[in-house]
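Take a look at the structure below.
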2 protein chains.
Amino acid sequence: MQKEIELFKDGLKKEKLKITSQRLKILEAFLKTERHMSCDDLYRAIRRGNPEIGYATVYRTLKLIQKAGLAREVDLGDRVSRLEHEYGHKHHDHLICLKCGRFFEVFDPEIEQLQERLALKYKFNAVKHKMDIFGYCRKCKS
Amino acid sequence: MQKEIELFKDGLKKEKLKITSQRLKILEAFLKTERHMSCDDLYRAIRRGNPEIGYATVYRTLKLIQKAGLAREVDLGDRVSRLEHEYGHKHHDHLICLKCGRFFEVFDPEIEQLQERLALKYKFNAVKHKMDIFGYCRKCKS
DNA sequence: ATGAAATTGAAAACCATTTTCAATTATACT
DNA sequence: AGTATAATTGAAAATGGTTTTCAATTTCAT
Ligand SMILES: [Mn+2]
Ligand SMILES: [Mn+2]
Ligand SMILES: [Zn+2]
Ligand SMILES: [Zn+2]
């Protein structure tokens, strides 16, 4: 994760922001997990080793991590912002189970291509998209 | 909109809930517009003719309207729930402009078909999906 | 080292939404 | 029609995730 740490530092320098121990610890905690973490999840995880880091600092730093291109927001429809790794992780969409809450990461190049065609048709300059399919997973369908 | 009103009343009766003047007024206000309305938007609109209707009642009734299958939630990524008509309106997705906030309603049968195929591949019983493409509209792209 | 500017944690504020509660109302049943 | 019962209402308070405020502390270019 050295590469990610460098990218983060570069992002900070570019904005004339400072490299602090709190920011680095929060970044490391985020990089350490592969799950989709809410700010609160991360706050709790960080807290275990660093009880002196504040809630607001976690929120603020997670915004910076996103700006540096290292994290992307996942919106599962509850009103909680969750983050997943962005650097070195390909774009994907989600199948989300309405019963157990589990989700599956999926990618379909044909869909992606048709999405581009659709944007083009509307002369729309697409930057990103979000596609979530909700339903019942193999284990939960009656 | 008589059909919708009947469906709403049926939905209420089925749950042993009561048909009240407030509920009917809120439903009519919702049916009257074709926009994507937040609860607050609707509260304000209703207020103009009916200053006695409370905020909580609007929230509660909008939930009932959704349960009756007359409204569907639109999630534009801010944390505000907006509603659009569901009855008599075909499913569609959105192209959302990051600059001016305007959105375009789109439908691509090929994408829909591939989405089904994707769910099938994961033995996932898809119920609904949400696809939003974010970017810059014709007028806003530099 | 110095000083300007950025950062921090704790607490308060924010804001959409939900809950509480006592008063009112709709409906089913005499 | 009158009554009992359960649902509904509006106002206010609570909730919960997120953001802001502010005084104290820290970073870093000079
Ligand atoms: Mn993911
Ligand atoms: Mn729409
Ligand atoms: Zn499941
Ligand atoms: Zn635009």
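Just so it is clear, the values below take in all heavy atoms, side chains as well, and ignore hydrogens, waters and symmetry mates.
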Of the listed nucleotides [options], the one nearest the side chain of [X]:
X: B/R60; options: C/dT20, C/dT8, D/dT27; value: C/dT20
X: B/L17; options: D/dT21, C/dT19, D/dT8; value: D/dT8
X: B/K18; options: C/dT27, D/dC28, D/dA12; value: C/dT27

Compare all side-chain heavy atoms of B/Q115 with those of B/M131 and state whether any distance is below 4.5 angstrom.
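Counting from C-beta outward, B/Q115 and B/M131 do come under 4.5 Å.
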Does B/K141 reach the side chain of A/F124, with side-chain heavy atoms less than 4.5 Å apart?
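No. Closest side-chain heavy atoms not under 4.5 Å.
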Would you say [N] has OP1 or OP2 under 4.0 Å from some side-chain N or O of [X]?
X: A/K63; N: D/dT18; result: no
X: B/Y59; N: C/dT18; result: no
X: A/T20; N: C/dT8; result: yes
X: B/R79; N: C/dT17; result: no

Closest nucleotide of DNA chain D for B/Y55 versus for A/Y55: which of these residues is on the 5' side?
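By nearest-heavy-atom nucleotide position, the 5'-most residue is B/Y55.
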Is any N or O donor-acceptor pair between the side chain of A/R23 and the base of D/dT26 shorter than 3.5 Å?
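There is none.
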Side chain of A/K16, base of C/dA6: donor and acceptor closer than 3.5 Å?
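Checked by distance alone, the answer is no.
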Select from B/C39 and B/S21 the residue whose nearest nucleotide in DNA chain C is closer to the 5' end of that strand.
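Counting from the 5' end, the first nearest nucleotide belongs to B/C39.
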Would A/H89 and A/E105 count as having a side-chain donor-acceptor pair, cut-off 3.5 Å?
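No, A/E105 and A/H89 have no side-chain donor paired with an acceptor closer than 3.5 Å.
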When you check the side-chain N and O atoms of A/E112 and A/H91, is any donor under 3.5 Å from an acceptor?
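Side-chain D/A pair, A/E112 to A/H91: present.
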Roughly, in whole Å, what's the span from [atom1] in [X] to [atom2] in [N]?
X: A/Q66; N: D/dT18; atom1: CD; atom2: C1'; value: 13 Å
X: B/I46; N: D/dT9; atom1: CD1; atom2: P; value: 12 Å
X: A/R47; N: C/dA10; atom1: CZ; atom2: C1'; value: 11 Å
X: B/I53; N: C/dT25; atom1: CD1; atom2: C1'; value: 14 Å
X: B/L12; N: D/dA6; atom1: CG; atom2: C1'; value: 15 Å
X: A/L42; N: D/dG17; atom1: CG; atom2: P; value: 14 Å
X: A/K9; N: C/dA6; atom1: NZ; atom2: P; value: 20 Å
X: A/K13; N: C/dT7; atom1: NZ; atom2: P; value: 14 Å

Report which part of the nucleic acid B/S81 touches: base, sugar-phosphate, or nothing (heavy-atom distance under 4.0 Å, all strands).
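Result for B/S81 = sugar-phosphate.
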Scan A/R35, A/R72, A/K90 and name whichever one has a salt bridge (Lys or Arg N to Asp or Glu O under 4.0 Å) with A/E84.
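Of all the options given, the one that passes is A/R72.
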